[in-house]
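Written below as structure tokens is the structure these notes are about.
One-based numbering, in listed order, for ligands and for the atoms of each. If you read the sequence from its start, that first residue is 1, and numbering goes on from there.
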Amino acid sequence: MTQPEGERPSDGQNEERSGRVVALIPAAGRGVRLGLERPKAFVELNGRTLLARSVAAVRASGVVDEVVLVVPPELVDVVRGEHPETTVVAGGAERSDSVRAGLAAAGDADLILVHDAARALTPPSSFTAVVEALRGGRDAVVPGLPVVDTLKRVDADGTVRDTPARGTLRAVQTPQGFAADVLRRAHAGAAEATDDAGLVEALGVPVQVIDGDALAFKITAPHDLRLAKLLLAGEEIG
Ligand code: C5P
């Protein structure tokens, strides 16, 4: 179990911990940018949905005790039928609403991983690495990759404000892993962020970045789906 707030060392590094690991998979997005008829997580790649691929990778890691799927309300029954070994709940309007719905179903988790169904090619080793860092005592762990493009901060009309030093930047992915009490506190507040780690940062809890994997890219636009299909070329259908 995690130490209560106040007793925790300030670098986010606790003693080694054991405990139950629950993976939440938010899959309730509509996938508007993909431009297909069905919600993104239910799009197929070589005959298997993005969601089914994500569930398989979590299972194959061997480090997760329970999986909670957060899906569009109208698909809850179908997904329960397809994934009877998981807990399935309805998601909300925003991703953070969906994560909160998953947290409510995560029961007595000690460690929680949040993984976007849309990162369907994420290898099992990414889950293992995040859980290993959490077990080593970190409160919050995210995989990230160095940024290859130079990034500019711009104002509303596109005028460049500044150019952050690229060497200090990371493009972060999922699975993002947390001590369960930390993630629950992060989602109890009113802060906004585009990922779970952002909410944890707002609490002042240190977040550790570990090496990400290029295969964990998020399938967002049609180009990403084409890329995923190319990467899977030759894989057996089924
Ligand atoms: O939209 P975006 O690509 O950022 O979504 C990331 C993940 O969060 C996807 O797997 C998507 O299904 C999920 N999501 C969700 N509930 C929402 C919006 C997104 O579960 N309301």
Atom indices of ligand 1, in the order listed, that fall short of 4.0 Å to a heavy atom of [X]:
X: Ser98; answer: 15 (C), 16 (N), 17 (C), 20 (O), 21 (N)
X: Gly92; answer: 17 (C), 21 (N)
X: Ala93; answer: 21 (N)

Of the protein's non-hydrogen atoms, which lies at the shortest distance from [atom], and what is that distance?
atom: atom 1 (O) of ligand 1; value: Arg33 NH2, 3.1 Å
atom: atom 13 (C) of ligand 1; value: Pro26 O, 3.5 Å
atom: atom 4 (O) of ligand 1; value: Lys218 NZ, 2.9 Å

Just going by heavy-atom distances, which of Ile25, Asp116, Val70 is nearest to atom 6 (C) of ligand 1?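 Comparing heavy atoms across Ile25, Asp116, Val70, the nearest one to atom 6 (C) of ligand 1 lies in Asp116.
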Check each of Ala118, Ala101, Gly29, Pro39 against atom 12 (O) of ligand 1 and report the one with the nearest heavy atom.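 The option holding the nearest heavy atom is Gly29.
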Region of [X] that comes within reach of ligand 1 [heavy atoms, distance under 4.0 Å]:
X: Lys40; answer: side chain
X: Glu94; answer: backbone
X: Ala28; answer: both

More than 12 non-hydrogen atoms from neighbouring residues, nucleotides or ligands closer than 6.0 Å to [atom1] on [X], yes or no?
X: Glu132; atom1: CD; answer: no
X: Glu74; atom1: CD; answer: yes
X: Glu85; atom1: CD; answer: yes
X: Asp211; atom1: CG; answer: no

Can Thr87 and Glu66 be counted as having a side-chain donor-acceptor contact under 3.5 angstrom?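 Side chains of Thr87 and Glu66: pair found under 3.5 Å.
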To the nearest 0.5 Å, how far apart are CG in Leu199 and CG in Leu203?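 Reported to 0.5 Å precision, the distance equals 8.0 Å.
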Hey, is Gly91 one of the residues with a heavy atom under 4.0 angstrom from ligand 1?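 The answer is no, since Gly91 has no heavy atom less than 4.0 Å from ligand 1.
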What pair of heavy atoms forms the shortest contact from Pro26 to Val114, and how long is it?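 Taking Pro26 first and Val114 second, the nearest heavy atoms are CG-CG1, 3.8 Å.
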Do you know which two heavy atoms are closest between Ala41 and Ala117, and how far apart they sit?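 Reported closest heavy-atom pair: CB-CB, 3.8 Å.
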